[in-house]
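So the structure is just underneath, and the comments pick up after that.
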Amino acid sequence: MDASTSTEWDFTYRSRRTARYATIVAALFVIAHVAVGILLRVSDTGVRFRITDQIGLAMIGVVLGGAIMTLTLPRIRVGASGVAVRNILGERVFDWADVEGIWYPDSGHWARLELPAYEHVPVMAIQANDGIRAVEAMDTVRELLERYRA
């Protein structure tokens, strides 16, 4: 099932802390690379740095910052059509017939969506570092699971 075929979702959740941390770290990477790029030509070290070297170093920071920002993508959506889990590389939608539950493993960093035959999918949106927000999200997902599986 495609995620775009269903537009009605009862619940959508994303991690806040991870998004904040990723944004800060990405900004630091960009700032550091731009600053080093600017300072490359300040003193004579015997190596001849050109403007293209400075731009290249700044662009490396932008690329690394963008890669770090992919950590802000994880999301879970729950609705009548099923559960849509988007982690870093893509979104998958599971019908209610395929969802057996959601749980949090011992000493795990994020929740897991339980599927038939002992399979599971990580739900990177519900992370332990969100504290009470993650607990409330788990409760809401479980309530919707009971409602739609009945």
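Only heavy atoms go into these numbers, but all of them, side chains included; no hydrogens, no water, no symmetry mates. What you are looking at is a predicted structure, and each value in this text was computed from that prediction instead of being measured. In what follows, residues are counted from 1 in the order of the sequence shown.
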Partner residues of Tyr104 under the ring-ring contact (aromatic ring centres under 6.0 Å, His included) criterion, sequence neighbours left out: none
Working for side chain to side chain contact (heavy atoms under 4.5 Å, CB included), residues Glu91 and Arg75: CA-CA 9 Å; Glu91 183 170 50; Arg75 166 185 76 191; 3.1 Å; yes
Transitive ILVMFWY cluster of Ile132, excluding itself - 4.5 Å side-chain cut-off: Val135
Backbone N/O of Met124 and side chain of Asn87: donor-acceptor pair under 3.5 Å: yes
Determine all donor-acceptor pairs shorter than 3.5 Å in which one atom belongs to a side chain in residues 24-36; sequence neighbours excluded.
{"residue": "His33", "atom": "ND1", "partner": "Phe29", "partner atom": "O", "Å": "2.9"}

Results of side chain to side chain contact (heavy atoms under 4.5 Å, CB included) for Arg149 - residues two or more places apart only: Trp96, Glu100, Leu145
Polar side-chain atom of Arg142 near backbone of Ile102 as donor-acceptor pair, under 3.5 Å: yes
Verdict with reasoning, Arg20 to Arg16, per side chain to side chain contact (heavy atoms under 4.5 Å, CB included): CA-CA 6 Å; Arg20 285 184 197 144; Arg16 280 190 189 160; 4.0 Å; yes
Contacts of type side chain to side chain donor-acceptor pair (under 3.5 Å), residue Gln127, not counting sequence neighbours: Thr18
Heavy-atom closest pair, residues Trp9 and Gly79: CE3-N, 3.5 Å
Closest non-hydrogen atom pair between Ala84 and Val93, with its separation: CB-CG2, 3.8 Å
Nearest atoms (heavy-atom pairs only) where Asp10 meets Ala80: OD2-N, 4.3 Å
Steps toward side chain to side chain contact (heavy atoms under 4.5 Å, CB included) verdict (Arg86, Arg14): CA-CA 10 Å; Arg86 180 174 72 187; Arg14 292 180 177 183; 2.8 Å; yes
Nearest atoms (heavy-atom pairs only) where Leu113 meets Phe94: CD2-CD1, 3.7 Å
Salt bridge (Lys or Arg N to Asp or Glu O under 4.0 Å) partners of residues 113-136, not counting sequence neighbours, each pair once: Asp130-Arg133
Taking every non-hydrogen atom, the tightest pair across Met138 and Ala111: SD-CB, 3.7 Å
Expected output: side-chain Arg112 to main-chain His120 donor-acceptor under 3.5 Å: no
Residues that Asp98 engages under side chain to side chain donor-acceptor pair (under 3.5 Å), provided they are two or more places apart: none
Heavy-atom check, side chain of Tyr148 versus side chain of Val99, under 4.5 Å: no
Listed partners of Trp110 passing ring-ring contact (aromatic ring centres under 6.0 Å, His included), at least two apart: none
Phe49 with Ile55, same ILVMFWY side-chain cluster at under 4.5 Å: no
Taking every non-hydrogen atom, the tightest pair across Gly108 and Ala128: O-CB, 4.1 Å
Worked verdict on Leu115 versus Val121 for side chain to side chain contact (heavy atoms under 4.5 Å, CB included): CA-CA 8 Å; Leu115 303 173; Val121 173; 3.4 Å; yes
With Leu89 via side chain to side chain contact (heavy atoms under 4.5 Å, CB included) - residues at least two apart: none
Residues in salt bridge (Lys or Arg N to Asp or Glu O under 4.0 Å) contact with Asp53, at least two apart in sequence or another chain: none
If you look only at distance, which donor and acceptor atoms sit under 3.5 Å apart when one is on a side chain in residues 60-73 and the other is two or more places apart or in another chain?
{"residue": "Thr70", "atom": "OG1", "partner": "Ala67", "partner atom": "O", "Å": "2.6"}
{"residue": "Thr72", "atom": "OG1", "partner": "Met69", "partner atom": "O", "Å": "2.6"}

Sequence neighbours excluded - salt bridge (Lys or Arg N to Asp or Glu O under 4.0 Å) pairs with any residue from residues 30-40: none
